[in-house]
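First up is the structure itself, then whatever we jot down about it.
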Amino acid sequence: MTLVSVAVVQAGSVLFDTAATLAKAEHYVREAASQGAELIVLPEAFVGGYPKGLDFGITVGSRSDEGRELFRRYFEAAVEVPGPESDRLAGLAAELGTHLVVGAIERDGSTLYCTVLFFTPAEGLVATHRKLMPTAAERYLWGQGDGSTMPAVATAVGVLGAAICWENYMPLFRQAMYAKGVQIWCAPTVDDREQWQASMAHIALEGRCFVLSANQFLTRADLPADVHPVQGEDPQTVLINGGSTIVSPLGEVLAGPLRGAEGVLVAEVDLDELTRARFDLDTVGHYARPDVFALTVDETPRAAVQADSTLTTVGGLTRS
């Protein structure tokens with residue numbers, strides 16, 4: 001047997017207070033590590049925050065001054081990668097000897113991205129994944145990732161990959177990640193619906209991988225008093241109700257779903273179970289039909305402006 005202890009953290013960010021959120025992350029990571037966890041997954045947008053219930057003053061065709069100021073505060077709470085915040089998480093991973101997969105709001109230039117950060121104890125920050133398709137009103141806030149940040153990270157605890165929230169509903173994305181050999185599928189999310197549980201079991205079965213879904217538990221009290229979520233002003237109002245879970249490659253729920261509170265779920269997984277599960281289903285191998293279906297994945301970085309060193313300027317004219 002090849003046993004690995006894995007954990008998911010269910011907790012809410014302290015919106016607009018990155019220092020307090022990092023302190024909270026450290027608290028729960030230490031709690032999970034104290035239970036023997038070698039891999040710990042934190043929710044979507046945990047560092048930087050998921051502003052559930054805020055509209056940022058947007059209606060179709062217009063933006064308000066108040067909404068622009070709210071976005072400024074959100075922008076300031078985001079983190080540059082690499083940067084001091086990722087350095088702190090890397091140091092925590094090294095100190096505790098554990099691998100971390102952390103949801104964050106990444107600030108790059110004047111654009112925000114919903115990102116997953118991968119840390120190993122020995123190397124620190126080793127990879128990132130930017131969410132390919134922000135969902136609905138998230139597109140007001142976040143840019144789109146490209147195919148250059150779709151890593152399968154080979155680590156001492158298995159090959160890690162991540163799909164953020166509704167990326168898990170993108171079948172071609174899933175197939176691309178299965179082809180990379182993902183063994184532990186990390187699903188940071190804020191989707192607390194009951195239907196999410198069926199999706200996590202489906203991905204575990206389809207990809208024959210372990211699925212670790214970490215969700216936030218967020219209440220009105222976690223938001224500043226001067227913002228006004230549509231759900232109401234009662235501090236106890238639940239904005240995101242968790243549902244974190246751990247699922248085996250044959251769809252067995254190993255831990256969770258956890259609801260109604262913050263906390264940590266820990267499970268021991270046997271990586272040898274992957275081979276046993278793929279005996280009768282390998283969607284990128286013996287159960288594929290490449291003669292009928294083909295998938296092309298473009299992993300080219302797609303910067304908005306790219307310098308071309310093959311071009312020169314002669315007499316005011318640009319020539320190759």
Side-chain angles (χ1 to χ4, degrees), residues 1-13 24-46 93 96-103 116 118-119 153 155-165 167-168 174 177 182-218 238 240-277:
M1 291 192 297
T2 307
L3 300 178
V4 176
S5 182
V6 301
V8 294
V9 168
Q10 179 162 296
S13 311
K24 198 170 187 180
E26 180 171 344
H27 167 80
Y28 280 109
V29 166
R30 289 188 182 279
E31 179 178 331
S34 73
Q35 298 181 52
E38 302 165 79
L39 168 65
I40 304 167
V41 182
L42 276 71
E44 177 183 17
F46 186 77
L96 300 174
T98 191
H99 299 71
L100 301 179
V101 177
V102 182
V116 167
F118 295 84
F119 300 88
V153 185
T155 75
V157 296
V159 180
L160 313 180
I164 306 170
C165 206
E167 282 186 321
N168 287 275
R174 296 201 308 270
M177 295 303 292
V182 172
Q183 297 175 312
I184 300 179
W185 183 281
C186 303
T189 189
V190 294
D191 190 333
D192 61 2
R193 300 170 306 149
E194 188 59 39
Q195 293 93 324
W196 186 253
Q197 303 304 314
S199 297
M200 296 300 95
H202 171 83
I203 290 171
L205 284 163
E206 178 183 73
R208 291 304 204 248
C209 50
F210 291 98
V211 171
L212 279 58
S213 182
N215 201 348
Q216 293 203 30
F217 178 77
L218 189 75
V238 175
I240 306 173
N241 195 28
S244 300
T245 190
I246 301 173
V247 188
S248 82
L250 290 178
E252 178 188 0
V253 176
L254 303 178
L258 175 62
R259 296 196 183 279
E262 295 188 339
V264 173
L265 298 176
V266 179
E268 189 173 64
V269 304
D270 179 5
L271 297 185
D272 288 345
E273 187 65 24
L274 297 165
T275 304
R276 290 190 284 268

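FYI, the numbering just counts along the sequence from 1.
Remark: side-chain polar atoms of Gln10 are paired, donor with acceptor, to backbone N or O of Ser244 under 3.5 angstrom. With hydrogens and angles disregarded, no donor-acceptor distance shorter than 3.5 Å links the side chain of Ser213 to the backbone of Pro188. Not a single donor-acceptor pair under 3.5 Å links the side chain of Gln216 to the backbone N or O of Val190. When atom types are taken as modelled, the side chain of Lys24 and the backbone of Ser13 share no donor-acceptor pair closer than 3.5 angstrom. Judged by distance alone, with hydrogens and angles left aside, the side-chain atoms of Asp270 form a donor-acceptor pair with the main-chain N or O of Thr2 at under 3.5 Å.
Taking every heavy atom of both residues into account, Val247 and Ala201 meet most closely at CG1-CA, 4.1 Å. Of all non-hydrogen atoms in Ala204 and Ser248, the two that sit nearest each other are CB-O, 3.1 Å. Considering all non-hydrogen atoms of both residues, Asn215 and Ile240 come closest at OD1-CG2, 3.6 Å. Between Pro249 and Phe210 the shortest heavy-atom distance is CD-CE2, 3.3 Å. Contact detail for Val41 and Ala214: the closest heavy-atom pair is O-CB, 3.5 Å. Of all heavy-atom pairs between Leu274 and Arg208, the closest is CD2-O, 3.3 Å.
To the nearest 0.5 angstrom, Gln197 atom CD is 8.0 Å from Met200 atom CE. Atom CZ of Arg174 is separated from atom NE2 of His202 by 4.5 Å, given to the nearest 0.5 angstrom. Residue Glu273 holds its CD atom at 5.5 Å from CG of Leu250, rounded to the nearest 0.5 Å. From Ser5, atom OG reaches atom CD1 of Ile40 across 8.5 Å, with rounding to the nearest 0.5 Å. Going from atom OG1 of Thr155 over to atom CZ of Phe119 covers 14.0 Å, rounded to the nearest 0.5 Å. With values rounded to the nearest 0.5 angstrom, Leu160 atom CG is found 11.5 Å from Cys209 atom SG.
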Is there a side chain to side chain contact (heavy atoms under 4.5 Å, CB included) between Val6 and Val157 once you walk through the steps?
CA-CA 9 Å; Val6 301; Val157 296; over 6 Å; no
For the pair Asn168 and Trp196, evaluate side-chain hydrogen bond (donor to acceptor under 3.5 Å, both in side chains) and give the outcome as yes or no after the intermediate values.
CA-CA 10 Å; Asn168 287 275; Trp196 186 253; over 6 Å; no
Go through the steps to decide whether Phe217 and Asp192 satisfy the test side chain to side chain contact (heavy atoms under 4.5 Å, CB included), and finish with yes or no.
CA-CA 9 Å; Phe217 178 77; Asp192 61 2; over 6 Å; no
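Evaluation of the side chain to side chain donor-acceptor pair (under 3.5 Å) rule for Thr275 yields no partner, not counting sequence neighbours. Remark: Asp272 pairs with no residue by the salt bridge (charged side-chain N to carboxylate O under 4.0 Å, His left out) rule, at least two apart or across chains.
Between Val8 and Thr245, the closest side-chain pair of non-hydrogen atoms is not below 4.5 Å. With contacts defined as side-chain heavy-atom distances shorter than 4.5 Å, the pair Leu39/Leu212 qualifies.
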